Undergrad: 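Before anything else, here's the structure in question.
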Amino acid sequence: MSNNQVEHGGYIHHVSILFFLIVMVVVRVEAYSGGGSSEQCDYFTGTWTVDESYPLYKPATCPFIEREFRCVPNGRPDLIYTHYRWQPLSCNLLRFDGRNFLEKMRGKSIMFVGDSLSRNQWQSLTCLLHSAVPNSNYTVARVDDVSIFTFTEYEVKVMLDRNVYLVDIVREDIGRVLKLDSIQSSKLWNGIDMLIFNTWHWWSRRGPSQPWDYIQVGNQVMKDMDRMKAFEKALTTWAAWVDSNIDPTKVRVFFQGISPSHYNGTLWNEPSAKSCIREKTPLAGSTYPGGLPPAVGVLKSVLSTIKKPVTLLDITTLSLLRKDAHPSIYGLFGSKGMDCSHWCLSGVPDTWNEILYNLI
Ligand SMILES: *[C@@H]1O[C@H](CO)[C@@H](O)[C@H](O)[C@H]1NC(C)=O
Ligand SMILES: *[C@@H]1O[C@H](CO)[C@@H](O)[C@H](O)[C@H]1NC(C)=O
């Protein structure tokens, strides 16, 4: 009798282990198949390959490119940099189709929120869409810090909210205070169907181009603090805003990722280079010798704490490989400037938008 019980118990034990294993297999299979094909492919690991069918539009077909990004009309003589296509290692990207994008987004609004790198991507998207439907009417308007590009026929709004820190700067008696816990400007983001955030480049600013006098965390007001910690704190405030305000059934949220600069050739094995000038081709391969900027790690760690779905456009590495694609002396200030932070249009931000297109 007792033997029997033991055997019986052993049998149940085996059955439960078997059951457990089956459940595990089912759970794993679901984890892999869930989310559809877009999440199975890593669009962000790949190489740049020459493709004469690129760029996706000629600068001349986009009359509204701002001087800052308009490298070819500004006199840039070499054009090889415009003929590259991003090729992920493990899959192919669909070529950007502007009509299809507009049809998918009919009646909807898209808003980029961030600094001039957001403006760079916003301009790229409006150029990609306009060049696909050059005879379709559009309007451009600006209301305070928000630029609104409307494809009237499709009722699609592509907007830019210039907001370099995401958190607030408030004028007080002591001066301009950067408040790392305050995100009142988020009221502009309500009711938008797709939001693409970005902040980073302004966190290291000092001196006259720093647009604040004090920095505040909680009740503590300081003259300055560790900038990477400030960046992290602000992102955490933004993350809390996402978690308490975004309805994922209505709103799609992206983070643009850290767009890299090229002022130090040591990082791409060309120690004599002090900027991106005269760089004509991308780096070969899939990795950047100088590694990733530390801000990427901070951003990813904050994103990992958000409960609502936020998709990172993880464009840092693919952009790091493009030391050739900045305006250099063909940007806003011409030969008096050296811009190795923004990107020529057409150019790299078109690829960011091509990946965005593949994700939606
Ligand atoms: C575009 O705008 C013009 C001028 O406002 C108007 O006459 C024309 O009908 C519009 N075209 C379309 C396709 O809506
Ligand atoms: C360039 O990067 C190298 C390697 O990180 C570093 O040692 C060097 O100080 C940098 N040069 C400048 C001018 O920042």
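All values reported here derive from a predicted model rather than from experimental measurement. Note that these values count all heavy atoms, side chains included, but never hydrogens, waters or copies made by symmetry.
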Undergrad: Are D324 and I80 side-chain neighbours, meaning at least one heavy-atom pair lies under 4.5 Å?
TA: no

Undergrad: Can you tell whether the side chains of E103 and R106 come within less than 4.0 Å, N to carboxylate O?
TA: yes

Undergrad: Is the gap between the ring centers of H262 and H326 under 6.0 Å?
TA: yes

Undergrad: Are any of the side-chain nitrogens in E354 or R85 under 4.0 Å away from the carboxylate oxygens of its partner?
TA: no

Undergrad: Tell me whether the guanidinium CZ or amine NZ of R227 lies under 6.0 angstrom from the six-membered ring centre of W200 and within 45° of its axis.
TA: no

Undergrad: Going by heavy atoms in the side chains, are K157 and F151 under 4.5 Å from each other?
TA: no

Undergrad: Looking only at the aromatic ring of each residue, does the gap between the centers of H130 and Y57 stay below 6.0 angstrom?
TA: no

Undergrad: Does F231 have its ring centroid less than 6.0 Å away from the ring centroid of Y165?
TA: no

Undergrad: Considering only NZ, NE, NH1 and NH2 on the basic side and carboxylate oxygens on the acidic side, decide whether E66 and R119 come within less than 4.0 Å.
TA: yes

Undergrad: How about I196 and W122: do any of their side-chain heavy atoms sit closer than 4.5 Å?
TA: no

Undergrad: Would F69 and L160 show up in the same hydrophobic cluster when neighbours are defined by side-chain heavy atoms closer than 4.5 Å?
TA: yes

Undergrad: Taking 4.0 angstrom as the limit, do D78 and R76 come out as a salt bridge?
TA: yes

Undergrad: Could you tell me whether D314 and K300 make a salt bridge, using a distance below 4.0 angstrom between a side-chain N and a carboxylate O?
TA: yes

Undergrad: Tell me whether D144 at atom CG has more than 12 heavy atoms from other residues, nucleotides or ligands lying less than 6.0 Å away.
TA: no

Undergrad: Is it possible for you to check whether R99 lies under 6.0 Å from the centre of the six-membered ring of Y154, through NZ or CZ, and within 45° of that ring's axis?
TA: no

